[in-house]
Amino acid sequence: MSLDVLIAHAFGQAALDVCFTAPGGGVTALFGPSGAGKSTVVAAIAGLFAPRVARIALNGAVLTDTATGVFVAPRRRRVGCVFQDGRLFNHLSVEGNLLYGWRRTGRRASAGDIEALLRLLGLSGMLDRRPASLSGGERQRVALGRALLADPALLLLDEPLAALDDARKAEILPYLERVRDESLVPMVYVSHSAAEVSRLADHVVVLRDGRVAAQGRAAEVLSDGPTTRKSSREALRGTVLSVCERGARIAIADAEAWMRGDGLATGEMVFVTVRPADVVLSLAPVVSSAPLTLRARIAEVQDDRNGAVATLDCPAGRFEAQLGWGAAERLALAPGAEVYAAVTAFACVRPESEEW
């Protein structure tokens, strides 16, 4: 897959001026803070927004070119979209939603392909249910399946986890990884979470104030930016146990985790950075789909405007967990208490100097 994007557009006092190429297959992330222009770029690629100046080409086929007057209708672009809210049809069952895209395309999947997709996304047992009865994570899996059944040449995911709580994020992230690894459909993934991007993306385009601030391989771009750089006192130490096609297996304290292994070597020391919002605490062991679960001890608990922040110690280092008011009161955490921390997303970076 090759996606070439050039967009220039003014919005009052703000402006969007971006130019980038998403190389090969895999996942390209549009990464940056809210208001950077990520969703506008996705809308332009999908044909849902017509910029003042633009040239967008997918696999050599021009989708938008304002210089020559080319504008391919959204339904003819073979671009699948998944948005924050899923945008399912409430009057249709799960099966009806899934087959909506399939019925609209001339390149229909076979029954075997549909069954394989249901297994891939874990949807086989919920075909008769209506969207109102689904959890947020389940709705997003249905939206993802509907987009894939339309046989897209490119899949656009516009912050698909932003509206989900930590538990639902932990539920759906493994499915996104499976789609990336097994469906082979190229993806453009929009997010402001460095941990999500590090876990899913091969290539990253960083947007800031409507412009491209950086782009390149995910491991290089994220490790150079302020969003993931932390001192060794603020990150967990890890060791790469093995590297294979699936990724890298990393030992962190008494736990192990799998992540993308681009450029990592067996025996190498790495640091794992964790956002407080990506940590879910429990007083007892739980069965979790989170990629990493650590035993830790509470060092400190401080109130903040959103609830509380717990500082945690484990053999690999110190990290923090953000707790809502309900969780803070229910757990009644105090210094010295032992907890289990399910880390729903994290980023892995190399130490680059003695400062780490």
Side-chain angles (χ1 to χ4, degrees), residues 5 7 11 14-18 20 22 26-46 49 81-86 136-137 140 143-144 155-173 176-177 180 187-230 234-235 259-260 272-280 290-291 304-306 309 319-322 324 343-349:
V5 176
I7 299 172
F11 303 89
L16 184 67
D17 187 1
V18 301
F20 66 88
V27 179
T28 293
L30 297 184
F31 175 62
S34 298
K38 305 184 299 296
S39 293
T40 304
V41 171
V42 164
I45 295 171
F49 165 67
C81 299
V82 179
F83 300 97
Q84 286 187 28
D85 56 4
Q140 289 300 71
L144 185 57
L155 191 60
L156 302 175
L157 298 102
D158 189 4
E159 303 222 41
L161 307 186
L164 305 180
D165 60 25
D166 291 337
R168 300 290 80 77
K169 288 180 182 179
E171 170 194 322
I172 199 171
L173 270 167
L176 291 174
E177 290 177 312
R180 176 197 65 199
M187 290 187 270
V188 172
Y189 187 88
V190 174
S191 179
H192 60 265
S193 167
E196 287 176 26
V197 170
S198 177
R199 182 168 171 180
L200 294 171
D202 308 282
H203 187 81
V204 175
V205 178
V206 179
L207 296 185
R208 189 172 297 121
D209 298 325
R211 297 178 180 271
V212 176
Q215 61 179 307
R217 292 177 63 246
E220 296 171 355
V221 173
L222 294 178
S223 64
D224 287 341
T227 53
T228 59
R229 176 175 285 279
K230 295 186 177 184
E234 299 170 303
M259 65 183 308
R260 299 185 70 80
V272 173
T273 63
V274 178
R275 290 194 322 154
D278 292 327
V279 180
V280 180
D304 75 354
R305 63 182 182 179
N306 296 315
V309 174
F319 61 109
E320 294 180 339
Q322 175 70 56
V343 181
T344 61
F346 52 84
C348 179
V349 293

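What you see is a predicted model, and the numbers here were worked out from it, not measured in a lab.
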Can you name the nearest heavy-atom pair linking F20 to Q215, along with the distance?
-> CB-OE1, 3.5 Å
Taking C-beta and beyond as the side chain, do L157 and L144 meet within less than 4.5 Å on heavy atoms?
-> yes
For residues P33 and K38, report the shortest heavy-atom separation together with the two atoms involved.
-> O-NZ, 2.9 Å
Atom of R199, atom of R180 and distance for their closest heavy-atom approach | O-NH1, 3.1 Å
So, do L161 and Y189 sit near enough that their side-chain heavy atoms are less than 4.5 Å apart?
-> yes
So L200 and L173, side-chain contact (heavy atoms from CB on, under 4.5 Å) or not? Walk me through it.
-> CA-CA 9 Å; L200 294 171; L173 270 167; 4.0 Å; yes
To the nearest 0.5 Å, tell me how far E196 CD sits from L176 CG.
-> 8.5 Å
Of all heavy-atom pairs between D17 and R211, which one has the smallest distance, and what is that distance?
-> OD2-NH1, 3.4 Å
Give me the one residue out of L207, D158, V41, V197 that meets side chain to side chain contact (heavy atoms under 4.5 Å, CB included) with V190.
-> D158
How far apart are the closest heavy atoms of P160 and Q140, and which atoms are they?
-> O-NE2, 2.7 Å
Non-hydrogen atoms of G37 and L16 that approach each other most closely | CA-CD1, 4.1 Å
Would you indicate whether the side-chain heavy atoms of V279 and E320 approach each other to under 4.5 Å?
-> no
Distance-only, no hydrogens or angles: does the H203 side chain make a donor-acceptor pair with backbone N or O of G216 under 3.5 Å?
-> yes
For the pair D278 (side chain) and V343 (backbone), establish whether a donor and an acceptor sit closer than 3.5 Å, ignoring hydrogens and angles.
-> no
